[in-house]
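Count residues from 1 along the sequence.
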Amino acid sequence: MRSSVRLRPFAALSAVALSAILLAGCSGSGGGDATPSVSASGAADLCSSAAPSGAVSDGITVTGDFGAVPTVDFTKPVDTTDLTLQRTVQTEGSGAPIAAGDFVQYAATILDGSTGAVLSQAGYTPGEILPEQISAENGGQIFGCATIGSRLTLATATGDETTPSVVYVIDVLGVTPTAAWGEDQAPVAGMPTVTLGDGGAPSITIPEGQAAPSETQVETLKKGDGAVVQPGNQVLLQYTGVRWSNGETFDSTWDKGGVPTVLTTTGVVAGFQKALEGQTAGSQVLVTMTPADGYGEGEINTTDLKGETLVFVVDILATAPAAQQ
């Protein structure tokens, strides 16, 4: 693959920065070498990192069904005197608490604290934004260890003259698994075989004595029920890649801590793009790609992937338009 995108941390709490983070979720570049962000103290750190409640966040009134666009009311303009980030659990969900390292699905409404005007909304439609990996340092102030099904209200001063304060309503929708969860599909004869280990890590076996296929082939191993990967989308995924010539693994998120990474369908080699586009979140896909759809024709060697027919198993966990990221 040519490039990947790492999850952006929840950092600056300004109207522009935080709305970009909440509605985008990802930016930057890297090589898909994400590592776990879970600290040794785990859940305790996550709970203690949550911002405290206050008069402003307590005073936000929210009506409407959970997971749907809400109606929000509060005293305007928000008093920004000594205002730091405040967070109130308006409705406590009945689900499990968020744990450090979870990829959280959420919906967010962001409003101007002076006028009440809606600045942005996202997450109320499946496939609109990617889930965010939460740790004490990344999103802990906002989500803490809230339970699934909770509705949170937040308020903060921004230091910006145009929008001196912002108000947030966040619905904690769920946690995305780190392995494909779709329905098993019948295997295709002649394709490499895949076995899954603990946690879903795949092992790939190349058919013994069989010549590499002359065309790229894609097989759906598990069929998910999530959003469809559209051309140009970003995709949260896990993958393992092996060489057809000797079956050796050359790259795998599972070997780097088992932490999903984010790729854009137009930022990967053609064979990988063919494996992603048109698939649904929750699916696991096996792709055998020719050198032409991989890293080019040439003499096979141990130093690069030129000339190699490549085999990938890809777990597609979530997808969203790249323009939203």
Side-chain angles (χ1 to χ4, degrees), residues 7-25 45-93 95 97-98 102 104-124 128-129 131-174 324:
L7 294 175
R8 177 190 298 171
F10 288 98
L13 294 174
S14 69
V16 175
L18 187 51
S19 69
I21 291 165
L22 282 173
L23 299 181
D45 278 354
L46 197 58
C47 291
S48 63
S49 68
S53 61
V56 179
S57 61
D58 288 347
I60 300 168
T61 301
V62 186
T63 56
D65 292 339
F66 176 83
V69 173
T71 299
V72 186
D73 191 27
F74 55 91
T75 300
K76 297 175 278 291
V78 167
D79 183 359
T80 59
T81 305
D82 299 324
L83 178 62
T84 57
L85 181 64
Q86 297 180 4
R87 168 191 179 270
T88 297
V89 180
Q90 292 281 352
T91 305
E92 186 168 357
I98 295 170
D102 281 348
V104 176
Q105 306 156 15
Y106 63 91
T109 293
I110 305 175
L111 307 100
D112 187 317
S114 296
T115 67
V118 174
L119 299 175
S120 49
Q121 290 176 319
Y124 300 100
E128 194 171 12
I129 54 176
E132 183 79 29
Q133 189 181 29
I134 303 303
S135 68
E137 300 79 19
N138 183 47
Q141 278 188 297
I142 297 169
F143 291 97
C145 55
T147 53
I148 304 303
S150 293
R151 172 167 279 176
L152 314 175
T153 55
L154 301 96
T156 189
T158 67
D160 178 71
E161 293 183 1
T162 303
T163 311
S165 62
V166 284
V167 166
Y168 309 91
V169 177
I170 299 176
D171 288 354
V172 185
L173 303 177
Q324 296 278 344

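- Taking CG of Leu83 as the reference point, atom OG1 of Thr158 lies at 9.5 Å (rounded to 0.5 Å).
- Here the closest non-hydrogen pair linking Tyr106 and Glu132 is CE2-CB, 4.0 Å.
- Here the side chain of Asp102 pairs no donor or acceptor atom with the backbone of Val104 at under 3.5 angstrom.
- To the nearest 0.5 Å, the span separating CD on Gln105 from CD1 on Ile148 amounts to 8.0 Å.
- Between Pro70 and Val62, the shortest heavy-atom distance links the atoms CB-CG1, 3.6 Å.
- For residues 58-69, every residue pair satisfying the side-chain hydrogen bond (donor to acceptor under 3.5 Å, both in side chains) rule, not counting sequence neighbours, is listed here: Asp58-Thr88.
- When all heavy atoms of Cys145 and Pro97 are compared, the closest pair comes out as O-CB, 3.5 Å.
- No donor-acceptor contact under 3.5 angstrom links the side chains of Tyr168 and Thr156, judged on distance only.
- For the pair Thr80 (side chain) and Ser165 (backbone), a donor-acceptor distance under 3.5 Å is absent.
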Legend entry - Chi angles and distances behind the side-chain contact (heavy atoms from CB on, under 4.5 Å) call for Phe143, Val172: CA-CA 8 Å; Phe143 291 97; Val172 185; 4.0 Å; yes
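- Listed here is the closest heavy atom pair of Ile142 and Leu152: O-CD1, 3.4 Å.
- Residue pairs meeting the side-chain hydrogen bond (donor to acceptor under 3.5 Å, both in side chains) criterion with at least one partner in residues 146-155, sequence neighbours excluded, are Gln90-Thr153, Thr147-Ser150, Arg151-Asp171.
- Across all non-hydrogen atoms, the minimal contact from Leu154 to Ser57 is CA-CB, 4.5 Å.
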Legend entry - side-chain contact (heavy atoms from CB on, under 4.5 Å) between Ile60 and Val72, intermediate numbers included: CA-CA 7 Å; Ile60 300 168; Val72 186; 3.7 Å; yes
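- Heavy-atom minimum distance, Val69 versus Gln121: CG1-NE2, 3.2 Å.
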